[in-house]
Structure formats: structure tokens, C-alpha cells
Amino acid sequence: MENPNRYSPAETEKKWYAHWENSGYFHSEPDEREAFSIVIPPPNVTGVLHMGHMLNNTIQDILIRKAKLDGKNTCWVPGTDHASIATEAKVVQWLRAEKKLRKSDISREEFMEYAYQWKEKYGGIILKQLRMLGAACDWERTAFTMDKGYHDDVITVFVQLFERGKLYRGQRMVNWDPEALTVLSNEEVLHSEEKSFLYHINYRLADGEGGIVIATQRPETIFADVAVAVNPKDPRYKKLVGKKVLIPLINKEIPVIADNYVDIEFGTGALKITPAHDPNDYEVGQRHGLEIIDTIADDGKLNENCAFQPLVGLDRFEARKQMKGFLEAAEVLVKMEEYTTKIGRSERTGAVVEPKLSLQWFVKMAELREPSVRAVMKKEVRFYPDSFRNMYRSWMDGLRDWCISRQLWWGQRIPAWYLKTESAGKETQVFVAKSAEEALEKAKNLTGNKNLTLDDLRQEEDVLDTWASSWLWPISVFNGFQDPEGAFKYYYPTSVLVTGWDIIFFWVARMIMAGYEFKGEKPFSKVYFTGMVRDKLRRKMSKSLGNSPDAIELLEKFGADGVRYGLLSSSPAGGDLMFDEKLCENGRNFCNKIWNAANGAVLGWQVAKTAENEEVARKNALAVKWMQQRFKQVLGELDKNFKDFRLSDAAQNLYSFIWDDFFSWYIEMVKPSFGQPIDKKTYDATIRFFSEIMVALHPFMPFITEDVWHKLSERKTGDDCMVQQYPKKGKFDKNLLATVESAKDIIVKIRELRNQNQLKPKEPLQVFVSNSASSQALFATPGLKEMVEKMAFLESLEFADGEIPNSKSFVSGTEKYFVVLNQVIDVAAEREKLEKELEYQRGFVAGIERKLSNEKFVAGAPAAVVEAERKKMADGLARMAMIEESLRSL
RNA sequence: GGGUGCUUAGCUCAGUUGGUUCAGAGCAGCUGCCUUACAAGCAGCGGGUCAGCGGUUCGAAUCCGUUAGCGCCCACCA
């Protein structure tokens, strides 16, 4: 059964999200206000909400809502990425399961149609899920990297880059994914240590005795060997250089060459050279003018070029396994060593990546690099935290050309055309243009053949790397290519980008490059890097490990506000988050606390008319003043933390202010006693505080704050928490805050004394404070005495001029207090306690004395510091005197 | 191999310019409470040689050096 004292988020969240959306709060159009824009890191269109998304999007939502409350015109553009390789795989799977079709059965055009169908039906679930989280996205601007307009932009940019000479087609060693049958960029290859073997294989001399033993991890590639290389300085092999050796099993003659690349120390010091299947060997081969023999087909199986028939058609790993037997039979396998090495795997398919020589399209990165490096190093684009600049820098320095062609269908097809008369892969002329018609014009001009028709041209089959479209995201979502004077002008550069540091190279760096290359301007001013969400064992949360909690279940269990708070409370910029449901539990409990304070406490109070209750109002005035000042102070801290993107700190500021100061102290201070009404003045002030606090908390916990905002008071249509003005920080009265802190200290110490003496929390007590100038001054504060009496449940609080019998004493500040106990006091225990305290004070004073007697300290430290030390010492001495007095009187 | 970061309470981490407020927070733990909004709660408490060593300074968790352990990024060692 539903407990009426508990906040139930489900319906509340649905209700208010719909209300915001219907009120048009999410949509933005340019106007005279300052713009605050964020573009979402577009999740894969195939994606579903996971922990990383929740963290990332909560942060964006907080920034957007805060900026809105600050009066800015906020625009958060949502959308999805077509994710060519991942989506194509899904579509292929779906076609097989649902339509009984294989990709090879249908044409490219048919496939694209199906792909769009799939996208309409299953794509973008994540955008609906973001609504559950509370994301204040401008849904009218939802973008997709394969939308018509976006697609055209990608094509435009490709043509531009080509015309600027920053794009070329060339034969290079690339990373090949034999499963997805496409090339991958370096960033799409993940390296990890894996166990393998180092095979020592003897290559016999073609003429004469003996041979040379090489070490390799890939014995199946020996049929592509074109040489054996040794270091020219290696005395062991000097005599062999220039001789011929035989590849085992096929007895093909290859030369022994000398190259400095070979490490004398490693393995046997002799290296087989296989230019087709290893990037280093390729370079060695180039240096020595060696032939290239490609023995592995696109699908990873050994092909006909492999002159050893038994292995042709086998996958390279199967072939490797069988090689062992063949080599043993041929008596050339000298030994097998266990060996750990880094293996590259495809980020998407997990397949072991093959280095492969291939004809692909590349962007010349050297030409795009400079402005982007400068922008980050000079902090025109600021990174939070700063330290990621180093990572960015070193990556940019080592930048190699970016392979942007992919052998897939789902994506923007490269706008390049060739003459059909030239065979594929051997083209001498290429015509790059936005359309086939324009390409034809170019072809006519360049070839001088005016009779060419569209039928004479053949379009490039490859599509573009997904990142070659998403790098335009901040420009294209605002239509910056087709209408640069419209929304683009107003919203660009965007205010801040919020993303995980794992895609700093894939995406962040490239967006910066695109911004400068195509618009001459940065795409965003600030980048907030979120950490990775990890489990308790520090493992990155991932589907394959199954260690990620279900995001939707979490939202249902703890409420969106609870989850948001939980994720935020312990997640500084750049720092990883060790996720624990406990965090969300905290958030949920916080919601419940707010709920109860509003509905159970404040709204349940009877309110008296002002005239009837002047007396109560006067007593409460100190608490009200304190809350005002304290709130201003906290708003100052919040402001600073927001400016520095210290959102976890801001969340904690609010949490402890609301829970401790507002609920545990303030509400208790002004709470009317049982059956009594509260005065109207204090009540109104309390409602005002509570409302403003809801606004201050709104960016973090939008749903419950909106709900409570409306419960606290009758609100007119459109008077919603989401569109208020954020409460203003301001100067606060430090003395008043200190005075109330003194009162709180007294209260806490009396409570402590109760606990230690097994007194009931509400048993009325008599307390005396020793009469002194300082105690007179403190209690001259109007309302202070009443505050202490109420909060500590005192019967009376009076001044006293001497020791009070039958009492226990404590010191707060520089005043001494006596709590009268109606019980026998254990003198020995009390003496021991006091002596312990005296000892502590003595040490405290001695420490300060040492400092102050050091001339260099007095001379060198700022006057304020020295003064403070003097005051500390005087207070310490005063406390010692009071304790000594108590000891004497015992 | 090159870079870069971290080590603070049992756990996860703050600690910004070296200086009262600096040794903190949350969680966990302990004690006492179903108290009048809230047991998803209330009141209170105990935990740390700030990784080790050395230095700079009147003063170091904070700056410098060094050792140890851990992490991350980049790189082609078969």
C-alpha cells in the first residue's frame, strides 16, 4: 500500500514534463536575449539509454535549466547519429530475421529504403527515454545525421575539402575489419593484451647447409613473405645477407636483406618481411623495392595467392592452428614460445583487425590541425578539466591522415565519379561534385569529351565514416551551411559541449577542426568532459559485461530526480563515477525529505493572523533573518561552483543547505508547538524561502521542485518553477551568521550532554550561563535566548555569577554553561573528563604560543593571520581558566 | 618506449591562491529514540603520521626532489 508520507515520482514526472512541453518552454527561437546553446552528443540511432547517457544528459539539462533561470534564451538540440557500421549491422540482422533477405540479395537502393524503414520503426528510442530523465530538449529541432539537409551538408563539405586540396584518394596500409568488411580509422581500433605464441621457424638456405631462424606470431602469413631481414650490424647474420633462403612448405626463394629496423635483441634477430600484412614490413618492403603478395582475402580467409593449397580458403586463425602441424612435419618449427602481445580489435565487431593495403579516401589532417591546436592551447576553447588539453595536444601532434571511406551502404555515399571505361581500383581520373550532373560537367571539361553522358559515369561505392558527418553537428543542426544568417548566427558558437573524454579524438577534436575549417570559428566555447560510469570493481559499464543496471528500471525505482541527484552528487568533471545504487537511494531520500517538509510540515501548519501573534513573530525574527543571510551565502557558493562547472559541489551545497540548515534547523526553529498556530509573517517568509529554494534546486531535480513549487502557493498560469528567475546571491551579514552559529553550538552541546546522561530529548532542563561581558553581549541578540530554549528544550536559561551545584558544565565559545541535573554527579568521572579537556586546551595554547614567540612568524606572516592567532590564544586561555574553575569547585 | 595523472577516514572522494574557518563530505559503523512532517527519519558520537623519505618556508595535504604502488593516453617491436 502507498504510504502517504512518501513521494511517488511516477505520475508527478509525467505530468510536469507534459506541462513544460505544452507550455513551449523547451523550444527556442532567436531573440534579443543572450543565447545559451548546447548540442547533444548524438547517440546512435540504434541506442538505448544507459548510465553514461544519463550522467551526460543530466549535466546538460542542469546547465540548460540553470541558464534559463538566469534569463538566457536556451536551446538544447537533441538528435541521433546514423552510426553507419552499427546500424548497418542491425539492419542486416533485421532483414534476415524479418524479411528473410540477405544484403547480397538486394540492391543498394532497396537496402537504403529498408534502412530508413528500420530507422522509423526502431530508431531513436533513446530520445523518448531522455524525456523520462527530464531533459529540456528543443524537440522541434531534433536532428539526424542522415536527414536530407544534413546529408547535403556532408556532401558539400566533402566537395569543398576536395577542391581545397585537403582530400585525396590513395593506396595505404589501413585497418581492415574482416567481419564488417570495411576499413576502420585508427581510433576505431582498440588494442588489448592477448596471449599468443611466438613461432620460431627455420628458413633453409637455398644453396648449402643450415638456415636462418625467424620468430613470428603469424606463421600463416609466411606465404606472403618476400624477404628475411636482419640488422646490418648483427655479426651472427653478416655472412648471410644477400643469400637466398626458402620459405618452408612451398620452398620459394627469397633474399636475406639488411635493414636497421630489425632489433638485434628481439626474438632471433631475424625477421620475415611480409609487406602485405604488416605496416612495418610494408615500409621495409618499400625501402628495398620488394614485391607485395596479398594472401588474405577481405573476409580474412587465405586466398589463391597463398601457394600452399591445403590452407587456401581457411580463416587466418584456423590456418594458423594447422600451420603448427605442417611446420612440425616439415621439421622447421624450432620452438613455440608463449607470448603476450597487443592485438587490435574492431571497436564495433570485435574482430581482429587486419593491416591491409587498400585504396581509400583520406583527409589531410596536417592542414586542418593548426587553428584547432591553437584554440585549445590558448583556451579559446576551454576544457574542463584543463588536464585534457595535454591529451588533446599529444594526439594532435601525432595526427595522421584520416581515412574517411567505409565499405558500407548506410551512410553518405561519397560524391565522386569515375569513368566506366576505367576498371575499378585503377582509375586515373575522378570527378568530385555535389551531384552526378555536376560531375558530368566536370568530366566533360576535364576529358575534353563533350559526348559523355551520365551512363558513362560510375559513382564511388563507398560511404563516409560516421565521424565525417558528426564533426559537422554543431554547424549543421543550426543549418549553418544553407542558412548562415539565420538561427546559426544566433546560436553558434554553442555555449558548452558536454561529452565523455573517450571521444575526445573521434569527435571533439574533429568538431573543432571542422568549425575552423568551414566557419572560421570555434564550435563551442567550453567542453565539459564527463567521466566514465564504472561499477564497483572499476570496470567500465558495458552491455557485454552485463554490469550496467537497467537505466529505465533505475528511473522507475528511484525517480528521475533521485537518479539525477545520485549520478551528480559524486561525479566531478573528468572524474570517473563508481556507480552504486546507494547514490540513487540518497537522491530518492532527499526527494522524500523535501516532500515531507512541504506537505507534512510547512503546509500542515495553522496560520494565525499577524495581529494575534506579534509575540511569536518577534521570537522567530532571528531565525528568519538567519535564513535570509545563510541563503545568500549559499547562493554565492553555488554561483562560483556553477561558473567553474563544479556541479557535484553545487549539488552538495544545496543538499546540505536544504537538509541541514533549512529543514533541520530553520524549520525546527520556527515550527509552532503542538496545536498552536504560526504567525503569518514567519509563515509567509517560510513559504518564500521554500519557493526560492525550489528554484535554486530546480536544475538538479526539476520534477519535485516544480511540484512542490505549485503546492506551496497558488500560482497563476505560466508561473512555473522552471521559468522563474534564479535567486540572487548577495552580501550577507557575517556577524549574524556567527551569532546563530554560537547558538547552534550551545544547542548541540546541551543535546550531547543529554545523550551522555541518559536524559530524555525533551525533558525540560535548567541551564545557566556564567555572567560575563561576552555572554551578556551574545544574549543581547534579540530572540537568541528563546532560540536556544526552544531548540534545546530548556525550562529556563539564566545568568549565574558563580558555580552552580548539581550541574555539569561545558564551554561554548568563550562562555561557560551549567546544565542542572537532578541526579548525583559522578565526581571522579567528571574530573577525568575536565582534565582531559584541560590537557587538550593546554596543548592548543602551547602550539600557538610557539608560533607567536617565533619572531620570523610575527614579522613574516600577514597581520591578519598573526592577529587571529593572538585571538585564538586568548580564547584558549579563557577556556582553560573556566575549566580550572570547574575542577576546583568539584 | 614516450607522455600524463593518482595515492587524504573502513569505502567513494572534496580540499581552488601555502595561513583562523584545514584535516572535510557522503556512505558504512557505534549510542539513544516509532518524538508533534519524515525510521527512505531524528538527536548525538567515534574514525586519518594527508603513500614513504628528503628539501624550500616563520608556516606544507598544498610547492620542489626522490622512492614505492596504482591508473590512463599515445606508439609499428616481429
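Source: prediction; values computed, not measured.
- Under the 6.0 Å cut-off for aromatic ring centres, Trp659(A) and Tyr655(A) qualify, their centroids lying closer than that.
- Between Lys872(A) and Glu869(A) there is a salt bridge, with a side-chain nitrogen of the basic residue lying less than 4.0 Å from a carboxylate oxygen of the acidic one.
- With sequence neighbours left out, Lys233(A) forms a side chain to side chain donor-acceptor pair (under 3.5 Å) with no residue at all.
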What are the atom names and distances for every N/O pair under 3.5 Å that joins the protein to nucleotides 31-33 of chain B?
none

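- With sequence neighbours excluded, the residues forming a side chain to side chain contact (heavy atoms under 4.5 Å, CB included) with Leu877(A) are Val845(A), Met873(A), Met880(A), listed by chain and number.
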(request) Using a 3.5 Å limit on both pairing distances, list the dot-bracket string of RNA chain B from the 5' end; Watson-Crick and G-U wobble pairs count, crossing pairs take [ ], interstrand pairs take |. (result) (((((((..((((.....[....)))).(((((.......))))).....(((((..]....))))))))))))....

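- Remark: Arg369(A) engages Ala366(A), Val373(A), Met396(A), Leu399(A) in a side chain to side chain contact (heavy atoms under 4.5 Å, CB included) (not counting sequence neighbours).
- Considering only residues two or more places apart in sequence or on other chains, Asp502(A) meets the side chain to side chain donor-acceptor pair (under 3.5 Å) condition with none of them.
- Judged by the 6.0 Å distance and 45° axis criteria, Arg510(A) is positioned over the aromatic ring of Trp402(A).
- Relative ring orientation between Phe700(A) and Phe642(A) is described as tilted, the plane-to-plane angle lying within the 30° to 60° band.
- Contacts of Thr216(A) with the nucleic acid, taken as non-hydrogen atoms under 4.0 Å apart, involve only primed sugar atoms and P, OP1 or OP2.
- Salt bridge absent: Asp644(A) and Arg646(A) never bring a charged side-chain N and a carboxylate O closer than 4.0 Å.
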All N/O pairs under 3.5 Å across the protein-nucleotides 45-49 of chain B interface:
residue	atom	partner	partner atom	Å
C45(B)	OP1	Glu752(A)	OE1	3.4

Can you check nucleotides 70-76 of chain B for protein contacts, nitrogen or oxygen pairs under 3.5 Å, and list what you find?
residue	atom	partner	partner atom	Å
A75(B)	N6	Lys342(A)	NZ	3.2
C76(B)	O2'	Asn280(A)	ND2	3.0
C76(B)	N1	Asn280(A)	OD1	3.2
C76(B)	O2	Asn280(A)	OD1	2.7
C76(B)	O2	Asn280(A)	ND2	3.2

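- The interatomic distance linking Phe663(A) (CZ) with U36(B) (P) rounds to 20 Å, in whole Å.
- Ring to ring, Tyr339(A) and Phe197(A) are not that close: their centroids are 6.0 angstrom or more apart.
- Considering only residues two or more places apart in sequence or on other chains, Tyr666(A) meets the ring-ring contact (aromatic ring centres under 6.0 Å, His included) condition with Phe662(A), Phe689(A).
- Considering only side-chain N and O atoms, Lys762(A) lies nowhere under 4.0 angstrom from the phosphate OP1 or OP2 of A43(B).
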I'd like a table of atom pairs between the protein and nucleotides 55-61 of chain B - only N or O on both sides, under 3.5 Å - with the distance next to each one.
residue	atom	partner	partner atom	Å
C58(B)	O2'	Asn854(A)	ND2	2.8

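- Scored by the salt bridge (charged side-chain N to carboxylate O under 4.0 Å, His left out) test, Arg630(A) finds Asp661(A) as partners (sequence neighbours excluded).
- Between the side chains of Lys808(A) and Asn757(A), at least one donor N or O lies within less than 3.5 Å of an accepting N or O.
- Side-chain contact, Asp707(A) with Thr12(A): no donor N or O sits under 3.5 Å from an acceptor N or O.
- Of the listed nucleotides (G41(B), U20(B), C77(B)), U20(B) has the atom at the smallest distance from the side chain of Lys872(A).
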Could you list the protein-to-nucleotides 6-14 of chain B atom pairs, N/O on both sides, closer than 3.5 Å?
residue	atom	partner	partner atom	Å
C13(B)	OP2	Arg538(A)	NH2	2.6

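- For Arg345(A) and Trp176(A), the positive end is not near the middle of the six-membered ring at less than 6.0 Å and at most 45° from its axis.
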